[in-house]
Amino acid sequence: MPHTCVVGGCSNKTEDGFTMHKFPNDEATKRLWTKFVQTTRSDFLQPSGASVVCSAHFTVDCYDPSILMREQLGFKTKKKILPGKYPTVKLAQSHTAEESTSSTISQVSASAHTVQDPRPSPVPGPTTSTNTTTSTTTTVSTTTTATSTITTTISRPTTSTRYSTAKPRTMRPISSPSTSSSRSDQPMPAKRQRFTERREKEMMIHELIEGLTSEDSGEPQDDAMVPELADQEGAVRQHWTRACQTELIMVPSKVSKRSKRTQCYPRLLNKETQTQDNPMNPLPPRLMQDAEVQCLLDPHTAPATTGGHSPDLSASVHQAPQRDEGGADDQGDKDYVPSDDNSSTDSGQESNTTDEMKVWEEEKFLVFRSSLMGLFTTCLHCHHIAHAKISNVVGTMVSIEQKCISCSWKRVWNSQPLIKDTPAGNILLSAAILYAGASPTKTIRVLNHMGCKTHHLRTYFLHQKMYLMPTVAEVWKNKQHLLISDLIRGDQPLILGGDARADSPGHSAKFSSYTLMELNTSKIINIELIQKNEVTSSNAMELEGFKRSMTWMLETAMAASLDVECLITDRHLQVAKWIRENLTQYGIKHFFDVWHIAKSLKKKITAISKRKGCESLNKWTKSVINHLHWSASSTPDGNPDLMLEKFVSIINHIRDVHTHDGPLFPSCAHPPLVGERPREWLQPGTEPCERLSDLCTATRLKNDVKKMSPKKQTSRIEAFHALLNFFAPKLTVFSYEGMSARLLLAGLHYNENCNRDAATTSTGDIIFQIDFPRAKLGDYTLREKPTAASFGYVDDLMEATIRFVEDGAIPGDIKVIPPPLTSGFTKPTLEEALQRQKSRFASQKSPPEEAATATSSK
């Protein structure tokens with residue numbers, strides 16, 4: 001039983017040459033089909049099992065491109081609708097395939113391209129020398145399959161100097177399909193007849209085009225000289241719509257059904273080539289295409305070319321527009337693919353200039369393999385199906401080889417640019433790991449767990465040794481010079497603070513770093529790294545780091561005429577001795593940091609308060625420590641005797657005695673105390689009172705109190721050491737170069753963010769935060785919340801890294817690296833190690849086993 005299309009006003013059947021498509025099983029798509037049919041039929045409610053829609057109501061993009069390609073090559077195929085597609089073409093009136101073809105050819109035969117002059121024929125005589133412009137009008141009526149008739153009127157200017165002798169040109173009539181089919185006595189099969197009709201129809205269209213393009217053309221004239229041209233152009237364009245912006249006669253019948261999705265012939269133009277650029281015949285600006293109009297221009301409105309011939313318009317129907325390889329626009333277009341070259345390589349270009357494109361600032365995305373390979377299924381040359389495969393993977397870079405199965409066009413596409421034959425992603429990943437202070441092992445493991453392709457750990461260490469570490473040293477050196485220049489312009493004495501930091505607790509540290517900070521600006525000006533085998537023991541590393549820092553500072557200060565006012569350190573005895581012997585001649589004062597003195601005093605008071613009968617001393621611990629800090633801060637001139645008398649007055653204060661024997665500080669500075677106190681006064685002669693008195697009057701403590709710093713402290717250096725734990729954790733083992741690079745990175749980060757402003761609300765109020773430090777045992781600290789940290793130094797590091805990779809040279813001076821700690825050890829051979837292991841296990845035999853061995857030997 002033949003199936004008939006259910007669309008209202010359409011009676012197409014399979015016998016008429018149409019393909020019938022059943023309603024899909026997907027409910028969402030099925031509703032779209034039903035809604036389309038209901039717009040043509042009010043009585044259509046739901047489709048049945050026999051309901052079908054003919055192919056005349058579907059656009060070309062609804063079909064699989066591979067099936068259309070096989071059909072164009074002459075293979076027998078069955079059209080299938082792609083998932084999610086639905087009919088959108090409504091027919092004005094229904095015709096069968098044969099009726100549509102017959103109607104088309106008969107109409108074209110009736111208007112057989114007759115060119116006539118509307119004026120009366122002039123009297124024969126000599127030709128005039130004046131050029132007369134006439135309007136040659138051609139009316140072409142075409143009707144494509146299952147579509148309504150579209151009439152296009154094209155007006156073109158012609159120049160005729162021999163008009164009196166010109167004859168009207170008439171295209172020969174073309175036989176109708178019925179006439180051609182009756183040439184044979186035998187009835188022609190339906191399939192052969194349809195093929196013959198389609199072939200004759202195409203021949204007819206080609207002859208019409210050749211007739212339009214064979215007119216004699218003289219010199220190109222401006223629109224102002226031919227006023228009728230603008231009117232005729234408007235007549236042509238008035239038939240174009242947003243959905244159909246091309247002349248339908250220029251498009252094969254299978255693409256004649258236009259929609260918003262298919263506005264151009266898919267083989268002609270792509271996203272990269274949206275115009276027909278011809279250097280020999282440039283189009284005027286009004287005829288150029290833009291991003292929204294991606295279809296062919298009207299060939300009849302283009303100006304005539306010089307040389308006495310018109311462009312071949314028929315060629316534009318079947319082949320893609322050819323672009324001149326030597327055109328100016330093609331030189332700067334990296335995505336341009338020459339049409340006369342069937343192979344190309346879309347590989348990453350070497351980044352020779354960082355000013356043009358900063359590869360580290362360009363956005364990167366995680367792309368899955370399935371989604372990536374889906375972008376290479378279509379040929380960029382002919383838009384047919386292309387085969388693609390992954391040809392190479394180099395760390396984070398993937399190379400895809402794409403080849404068209406139709407036109408043999410091919411290319412190799414790289415996922416990232418190359419920097420001196422090195423994939424940019426590989427070097428940027430290594431740089432990002434180090435500059436962020438991250439662990440390379442954990443970072444690469446995270447990426448591997450996700451399935452992301454990345455380079456090996458050995459590649460990271462190679463990048464780190466060749467480029468990253470020298471880059472960090474070079475950038476730090478440049479920043480250090482700028483900092484010294486700022487100190488020179490400041491024109492004020494320097495207050496320096498120094499402290500050491502070991503990479504592990506106890507007396508078994510491998511590395512020790514010494515930090516020198518200018519406390520007025522809170523900027524780190526020098527960092528020295530010492531390895532254990534450079535000195536006699538781990539305890540001597542702090543003194544060696546201090547010597548190197550002060551030697552560098554004295555050389556810099558003398559060269560830059562800087563004045564160092566004072567130096568603040570902890571209570572290290574060897575450091576204090578070296579300062580007395582070497583820095584006194586320069587007039588540099590030496591002070592102790594109060595926090596280090598208070599830390600030691602607090603430990604001793606806490607130990608005493610744990611004794612039996614001394615528990616009451618625990619309530620006075622915080623008061624004694626606060627009094628120590630007050631003794632230094634309330635003496636801005638740094639008078640050592642006054643600071644000592646202020647501190648020792650705590651012995652009388654805890655006994656409720658507020659007058660003292662010292663001439664500089666005879667009484668307490670607080671007002672009279674009345675009322676109930678939060679803690680009990682200590683009674684003279686009791687164990688807690690006597691032990692605290694002995695502790696506060698110890699000789700070394702009194703000497704240290706005299707040297708307390710009255711102005712600046714080294715608390716900012718302690719904050720920097722806390723930051724170092726992020727860049728160089730103590731639980732991770734680093735090489736000498738790795739530890740040095742991470743120390744400098746921490747210094748760069750701290751100097752950029754040490755003086756951040758306080759964060760504020762939208763109304764301008766300062767935001768505070770409450771912290772609970774571990775040392776305060778449950779007590780809190782209120783502080784201003786700083787603004788977010790910045791990472792401008794990373795841009796400098798990345799830019800220097802790319803520059804060094806491109807130059808292929810190691811920057812900066814080569815620093816002398818001490819040998820590893822194991823260099824002094826004797827490494828045994830594998831045989832010796834195995835023999836020692838066997839002998840060790842052999843000596844652990846039990847007595848019964850030894851007896852059994854002796855019996856067997858007898």
Side-chain angles (χ1 to χ4, degrees), residues 493-502 512-520 522 524-526 528 539-547 549-550 553-554 564-606 621-622 624-650 664-665 695-722 775:
L494 305 183
I495 300 178
L496 303 180
D499 197 6
R501 182 248 188 192
S512 177
S513 61
Y514 200 89
T515 305
L516 196 62
M517 177 183 293
E518 208 289 311
L519 299 178
N520 288 322
S522 301
I524 298 173
I525 59 177
N526 190 46
E528 294 291 340
N539 294 331
M541 288 193 295
E542 182 173 357
L543 177 60
E544 181 65 22
F546 175 77
K547 290 179 180 180
S549 297
M550 291 309 302
M553 187 62 216
L554 290 177
V564 180
E565 178 182 352
C566 61
L567 178 64
I568 304 172
T569 65
D570 57 1
R571 297 191 303 165
H572 199 281
L573 297 179
Q574 297 176 352
V575 171
K577 179 182 178 181
W578 191 89
I579 293 175
R580 288 195 305 269
E581 296 176 354
N582 298 275
L583 298 183
T584 306
Q585 56 182 338
Y586 297 103
I588 300 177
K589 300 178 181 179
H590 183 213
F591 295 104
F592 289 153
D593 177 63
V594 180
W595 179 81
H596 286 85
I597 301 176
K599 179 181 178 182
S600 175
L601 180 61
K602 182 178 180 180
K603 287 183 178 180
K604 295 178 180 180
I605 296 176
T606 303
T621 303
K622 185 176 180 180
V624 174
I625 299 302
N626 291 340
H627 181 73
L628 177 66
H629 283 278
W630 175 83
S631 300
S633 60
S634 62
T635 312
D637 57 350
N639 188 341
D641 297 331
L642 178 58
M643 287 190 296
L644 179 60
E645 290 188 11
K646 286 182 179 180
F647 175 70
V648 176
S649 65
I650 191 66
L664 300 179
F665 192 71
L695 183 62
C696 293
T697 57
T699 303
R700 184 180 178 184
L701 180 60
K702 291 167 62 176
N703 293 334
D704 293 342
V705 169
K706 290 182 179 181
K707 300 187 66 174
M708 290 191 304
S709 173
K711 297 180 180 180
K712 301 291 184 178
Q713 309 298 331
T714 61
S715 57
R716 288 295 188 96
I717 301 180
E718 298 298 331
F720 171 69
H721 289 169

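Below, each value reflects all heavy atoms present in this structure, side chains not excepted, and no hydrogens, waters or symmetry copies. As the structure is a prediction and not an experimental result, all values here were calculated from the model.
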Worksheet item: Does S513 have any side-chain hydrogen bond (donor to acceptor under 3.5 Å, both in side chains) partners at least two apart in sequence or in another chain, and if so, which?
Response: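 By the side-chain hydrogen bond (donor to acceptor under 3.5 Å, both in side chains) rule, S513 matches no residue at all.
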Item to complete: Please list, chain by chain and in numerical order, all residues satisfying side-chain hydrogen bond (donor to acceptor under 3.5 Å, both in side chains) with S512, sequence neighbours excluded.
Response: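 side-chain hydrogen bond (donor to acceptor under 3.5 Å, both in side chains) check on S512 returns nothing, list empty.
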Report yes if the side chains of [X] and [Y] come closer than 4.5 Å at any heavy-atom pair, otherwise no.
X: I588; Y: I579; answer: no
X: D593; Y: D570; answer: no
X: D499; Y: E542; answer: yes
X: H627; Y: S649; answer: yes
X: S631; Y: V705; answer: no

Practice prompt. Determine the minimum heavy-atom distance between S709 and A632, stating which atoms define it.
Written response: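 So the two residues come closest at O-CB, 3.8 Å.
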Fill in: For the student: nearest non-hydrogen atoms of L567 and L583, plus distance
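Minimum heavy-atom contact is CD2-CD1, 4.1 Å.
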Going from [atom1] on [X] to [atom2] on [Y], what distance comes out if it is rounded to the nearest 0.5 angstrom?
X: N539; Y: Q574; atom1: CG; atom2: CD; result: 7.5 Å
X: I597; Y: H629; atom1: CD1; atom2: NE2; result: 9.5 Å
X: I525; Y: L516; atom1: CD1; atom2: CG; result: 4.5 Å
X: W595; Y: I717; atom1: CH2; atom2: CD1; result: 11.5 Å
X: H596; Y: K599; atom1: NE2; atom2: NZ; result: 6.5 Å

For residues 639-648, which side-chain N or O atoms pair as donor and acceptor with protein atoms under 3.5 Å away, sequence neighbours left out?
residue : atom : partner : partner atom : Å
N639    : OD1  : D641    : N            : 3.3
E645    : OE1  : L664    : N            : 3.0
E645    : OE1  : F665    : N            : 2.9
K646    : NZ   : S634    : O            : 3.1
K646    : NZ   : S634    : OG           : 2.9
K646    : NZ   : T635    : OG1          : 3.2

Worksheet item: Heavy-atom count around K604 NZ within 6.0 Å, excluding the residue itself: above 12?
Response: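 It does not: K604 NZ has 12 such atoms or fewer within range.
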Practice prompt. Could you pull out all residues at least two apart from E565 that satisfy side-chain contact (heavy atoms from CB on, under 4.5 Å)?
Written response: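 With neighbours one apart ignored, the set is P493, I495, K711.
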Discussion item. Checking the side chain of E544 only, and the main-chain atoms of A540 only, is there a donor and an acceptor separated by less than 3.5 Å?
Written reply: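 Here the side-chain-to-backbone pair does not exist.
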Worksheet item: Checking Q713 side chain against V594 main chain: does a donor-acceptor pair fall under 3.5 Å?
Response: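 Checking the backbone N and O of V594 against the side chain of Q713, a donor-acceptor pair under 3.5 Å is found.
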Worksheet item: Which residue pairs satisfy the salt bridge (charged side-chain N to carboxylate O under 4.0 Å, His left out) criterion with at least one member in residues 695-704, sequence neighbours excluded?
Response: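 For residues 695-704, and leaving out neighbouring residues, the salt bridge (charged side-chain N to carboxylate O under 4.0 Å, His left out) pairs sorted by first residue read R571-D704, R700-D704.
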Practice prompt. Can you run down the side-chain hydrogen bond (donor to acceptor under 3.5 Å, both in side chains) pairs that involve residues 578-587, sequence neighbours left out, and say none if there aren't any?
Written response: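 Residue pairs with at least one partner in residues 578-587: there are none.
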